Amino acid sequence: MTTSLDRSSASAPEPRSDAGSRFPVDFLWGVATSAYQIEGAAFEDGRTASIWDTFSRVPGAVFGGDNGDVACDHYHRMPEDVDLIAGLGVDSYRFSLSWPRIQPGGRGAVNQRGIAFYDRLVDRLLERGVLPWVTLYHWDLPQELEDAGGWPARDTAHRFADFAEIAMNRLGDRVRWWTTLNEPWCSAVLGYDTGRHAPGRQDFGDSMAAVHHLLLGHGLATQRLREAAPEPIQVGITLNTAHALPATDTDADRAAARRADGFGTRIYTDPLVLGSYPTDVVDELSARGVHLPVQHGDLSVIAQPLDFLGVNYYTSHYFSGTAEDDSAVEATADGVALTRLVPQGYPVTAMDWEITPFGLTGMLTRLGADYPGIPLYVTENGAAFDDQPDQDGEVQDAERTAYFAEHIEAVAAARDAGADVRGYFAWSLLDNFEWSYGYDKRFGIVHVDYETQKRTVKQSGRWFRDNIRRSRQG
Ligand code: FCB
């Protein structure tokens, strides 16, 4: 398959320079990170272990045996990092709170030294004219809550709501933008089914229970945030909606793509927006003897009005419902067997993820059409490439720059097609701890030398800054 967007990674074209001018002046431009991936200071000032501290110590779980003990040392370098963010000219910085730093063990009293870090971060961002956008949960569950059952246990949803209230009580006088969860699919499926992410459990039924309790936690936390907010806030959730397409136009492949869409997207969006789980997914689960642990009233808690929906997008997946041979049948992105991912031959990033900007247009327009009336924000988009500083210390990451240019064009195309997309966050501000890939994969628009912690803005970072300037010129 070829499209006009095809390109070989060896000869990336000059990125278009006018993408920014296709956005209104009030479009929100930002950069994103998450706590465990950048903060380090893993056991300082009263922070206790999260599931990622534990999981990264399991032999073989993380590439190179890496962990987040030091990461980008952002905990100690926060003031300079905020200056760096401000220098990029962004409107907003999306970061997450470390739950075990703020509430060690996941219950009980607030750790004053832990929350003080976020107080300082928020103050500094505001001083520099950057809007803080808080994610409450980006995967670092306090280990004690995992020991008590983790997300497959209903109580974790209630603990999360308590944590949300703590955060609001302390930061709500200055933070207006709140995301409850980042990518519950990853927490549930990678954490409890495939075991590729912390806590590394492998039980399909548990992963589906985790889906429900994550969504319940989102609903309970949303209620508590709104009750405790001293002034009007914007609350939403960020999903990595699976853009699932049929590999060919056969019934089997269309059914496979629909199944992948059910388990990757609709199992989240339907209860969140429509207040019910999709029937085809529920039926398939029943056939497999799995029942979502829904209690009376849960769905109305989950379906709290959303002020926005955050969309994280990296690639699209093509599915086949036909096995090539028995060994090709595997549990894939939807966590469901008998659905096979079929690579299409597009150029790939260092993650081996195919570069499919048209899929971002498709996903945004689809969400806008199927769930109308909810403003959309691209809360993550970006690419890993193996880039290193050259002899002059510059990082000429033309491939990443091209990736951003093409995907920002794709967002503009979605807006042209009627999708209400109001912002875009580049993933990521810094090279950082890329979960089970450790420090091997670099997503930053700023290079980090992990030996010296030196930050160097890459070509893509400069392009992003210039792109924002162009958009401000209208
Ligand atoms: C997303 C995660 C983010 C980062 C990017 C590459 O799934 O939210 O933390 O790992 O992928």
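Quick caveat, the model's predicted, so the values are computed rather than measured. For ligands, and for the atoms within them, numbers begin at 1 and follow the listed sequence.
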Does any N or O atom in [X] lie less than 3.5 angstrom from one in ligand 1, N or O only?
X    : result
E434 : yes
W435 : yes
E183 : yes

Worksheet item: What do you reckon, are the aromatic ring centroids of W139 and W435 less than 6.0 Å apart?
Response: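 Yes, the ring of W139 comes within the 6.0 Å limit of the ring of W435, centre to centre.
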Discussion item. Would you call the rings of W29 and F23 parallel, tilted or perpendicular, taking 30° and 60° as the class edges?
Written reply: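 The rings of W29 and F23 stand perpendicular, inter-plane angle above 60°.
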Worksheet item: What is the ring orientation for F358 with Y346, classed by angle as parallel under 30°, tilted 30 to 60°, or perpendicular over 60°?
Response: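 Taking Y346 first and then F358, their aromatic rings sit tilted (interplane angle of 30° to 60°).
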Any atoms of ligand 1 less than 4.0 Å from a non-hydrogen atom of [X]? List them with their elements.
X    : result
N182 : 8 (O)
W427 : 3 (C), 4 (C), 5 (C), 6 (C), 9 (O)
Y314 : 1 (C), 5 (C), 6 (C), 11 (O)
H138 : 2 (C), 3 (C), 8 (O), 9 (O)
F443 : 6 (C)

Discussion item. One thing to verify: whether D386 and K441 come together as a salt bridge, which I'm taking to mean a side-chain N less than 4.0 angstrom from a carboxylate O.
Written reply: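 Looking at K441 and D386, the cut-off is not met.
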Worksheet item: Would you say the side-chain atoms of D307 and Q234 include a donor-acceptor pair closer than 3.5 Å?
Response: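 No, no side-chain donor-acceptor contact under 3.5 Å.
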Practice prompt. Would you verify whether the NZ or CZ of R101 falls within 45 degrees of the ring axis of Y75 while also being under 6.0 Å from that six-membered ring's centre?
Written response: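 The answer is yes, since R101 meets both limits relative to Y75.
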Practice prompt. For atom CZ of F43, decide whether the heavy atoms of other residues, nucleotides or ligands shown that lie under 6.0 angstrom number more than 12.
Written response: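 Atom CZ in F43 is crowded, with more than 12 foreign heavy atoms closer than 6.0 Å.
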Discussion item. Can you report which non-hydrogen protein atom sits closest to atom 3 (C) of ligand 1, along with the distance?
Written reply: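 I find the closest protein heavy atom is E380 OE1, 3.3 Å.
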